[in-house]
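In what follows, a structure is listed as structure tokens, so that the remarks can point back to it.
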Amino acid sequence: MTYEHLFSPVSLGAFHLANRIVLAPMTRNRATPDGVPFEYVADYYSQRASGGLLISEATAISKQGSGYPVIPGIWTEKQVEAWSKITKSVHDAGGKILCQLWHTGRIAHSSLVGGQPVSSSAVAPNLEVFTAAFEKVQAETPRELTIAEIKQVVADYKIGAECAKAAGFDGVELHGANGYLIDQFLRDGVNRRTDEYGGSIENRQRFALEVLGAVIDVWGADRVGIRLSPFGAFDDMSDSDPLNNFVTILQSLKALNLAFVHFAFVTGVNEPDALKTFRDVYGHSIITNGAYSGATAEADLEAGLTDATAFGVPFLANPDLPERLKSGAQLNEANPATFYGGTEIGFTDYPTLAAS
Ligand SMILES: Cc1cc2nc3c(=O)[nH]c(=O)nc-3n(C[C@H](O)[C@H](O)[C@H](O)COP(=O)(O)O)c2cc1C
């Protein structure tokens with residue numbers, strides 16, 4: 001296959017991509033307990049700099065938002081210093097990298113976030129979470145954020161956005177997917193509030209829009225994207241009417257002129273035509289993701305369903321994924337045992353074609 005579309009350049013807002021292959025954000029738990037990414041994380045990202053755009057692993061904006069052990073953060077000087085080296089190594093290798101800003105909300109243990117986890121509502125997820133000591137325990141019931149606290153979290157996102165800028169990132173992606181805090185506001189499976197942040201979808205999207213506003217103040221809309229997972233059930237998430245709710249959300253996002261909206265797993269599930277519906281409603285640039293191969297990515301691009309494709313596991317295991325797709329080479333297999341935590345093994349040692 002020639003992959004004519006996959007290897008054509010595209011502009012998403014202010015980001016000019018040499019190809020349509022995006023590194024999907026992937027948590028790798030290679031940081032200190034204070035959220036400082038290890039030095040060799042720079043190698044992991046710079047090895048993948050041939051992707052048109054790299055999105056960092058989800059990166060916490062505050063201690064309260066750091067619900068997993070040894071994930072990186074972006075609110076202290078030490079974290080900014082470490083990320084600066086990573087962004088420099090990506091830029092030196094000719095790449096572009098965004099910081100995925102994260103607040104885990106109720107997907108957290110009190111031993112990690114310095115107190116009872118918080119969420120839109122006091123609804124416990126029915127799943128196990130990790131403690132600071134890496135034990136798996138049943139999740140606690142979170143505390144409902146007060147309105148004053150919601151404003152504080154929005155301010156924390158702004159600090160995260162400023163720190164991402166200070167660290168030399170090219171822009172930011174808000175993690176609005178996969179059952180974390182923004183999703184916990186968006187979706188009525190969790191959000192039971194009766195104030196202006198709950199009830200109707202117009203109210204449930206208020207938090208996401210306020211966070212976007214704060215982050216846009218720092219970066220400008222053309223350097224900001226948001227990731228959404230309209231049909232995702234990950235992290236015990238649910239929604240009574242995802243298709244219509246996300247149509248409404250996309251109508252609101254349309255007015256913001258963001259760099260992109262990034263869908264994690266929008267196709268399949270019970271709504272085979274959802275991507276087309278969302279594409280038509282939104283009308284601006286999108287990135288799609290989820291179990292893509294080079295061939296299916298090319299097909300969606302050719303059909304005009306998307307503007308760029310994010311690859312997760314295939315890019316994790318193949319630092320030279322663009323080159324491999326282009327040349328039709330076989331892909332390395334990923335080793336899930338080294339996904340979350342550990343060392344350089346299973347992180348920076350996947351061979352390139354040239355090395356194998
Ligand atoms: C190890 C691992 C870590 C992940 N961490 C994140 C994350 O930090 N943020 C996020 O939005 N999605 C995360 N995801 C989801 C991926 O971005 C992606 O949606 C998923 O892997 C499906 O894409 P793929 O089929 O190309 O792998 C993670 C997935 C994996 C495998």
Side-chain angles (χ1 to χ4, degrees), residues 6 20-31 35 37 41 44-45 48 51 53-61 65-74 83 97-105 107-108 130 160 164 172-184 186 208 225-235 237 260-269 275 286-298 300 306 308-319 321-322 324-325 331-342 345-348 350:
L6 207 48
R20 314 287 181 108
I21 299 169
V22 174
L23 174 68
M26 281 178 287
T27 294
R28 305 303 306 275
N29 306 82
R30 283 159 168 96
V41 173
Y44 168 76
Y45 286 108
R48 287 159 181 76
L53 185 66
L54 313 185
I55 303 174
S56 80
E57 63 209 275
T59 301
I61 53 148
S66 303
Y68 290 86
V70 292
I71 56 165
I74 188 82
W83 277 116
I97 182 165
L98 310 189
C99 186
Q100 192 188 46
L101 299 178
W102 198 18
H103 190 306
T104 51
I107 309 300
F130 281 102
V172 292
E173 174 180 275
L174 286 189
H175 195 346
N178 299 348
Y180 299 108
L181 187 62
I182 290 176
D183 213 16
Q184 291 162 28
L186 289 178
I226 184 167
R227 194 171 212 222
L228 302 171
S229 52
F231 301 101
F234 186 71
D235 280 335
M237 186 46 72
F260 60 83
V261 170
H262 179 180
F263 293 108
F265 277 114
V266 72
T267 46
V269 206
L275 177 55
I286 63 170
I287 302 174
T288 47
N289 162 256
Y292 273 105
S293 65
T296 56
E298 177 68 16
D300 272 7
T306 188
T309 311
F311 292 86
V313 173
F315 216 160
L316 178 157
N318 294 275
L321 183 68
R324 283 182 192 249
L325 292 178
L331 301 185
N332 299 322
E333 284 277 316
N335 176 10
T338 51
F339 279 3
Y340 303 105
I345 298 169
F347 189 54
T348 53
Y350 285 105

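For ligands, and for the atoms within them, numbers begin at 1 and follow the listed sequence.
No donor-acceptor distance shorter than 3.5 angstrom exists from the side chain of Thr59 to the backbone of Gly73, with no hydrogens or angles considered.
Residues lining ligand 1 at a heavy-atom distance below 4.0 Å are given as Ala24, Pro25, Met26, Thr27, Ala58, Gln100, His175, Asn178, Arg227, Phe265, Asn289, Gly290, Ala291, Phe311, Gly312, Val313, Pro314, Phe339, Tyr340, ordered by chain and residue number.
The closest side-chain heavy-atom distance from Ser229 to Phe234 is not below 4.5 Å. Side-chain contact between Leu6 and Ile21: present, with at least one pair of heavy atoms (C-beta onward) separated by less than 4.5 Å.
Using a 30° and 60° split on the angle between ring planes, His175 and Trp102 fall in the parallel class, below 30°.
Every ring pair (Phe, Tyr, Trp, His ring centres under 6.0 Å) that Phe263 has, sequence neighbours left out, goes to Phe278.
Phe347 carries Arg30 over the face of its six-membered ring, with the cationic atom under 6.0 Å from the centre and within 45° of the normal.
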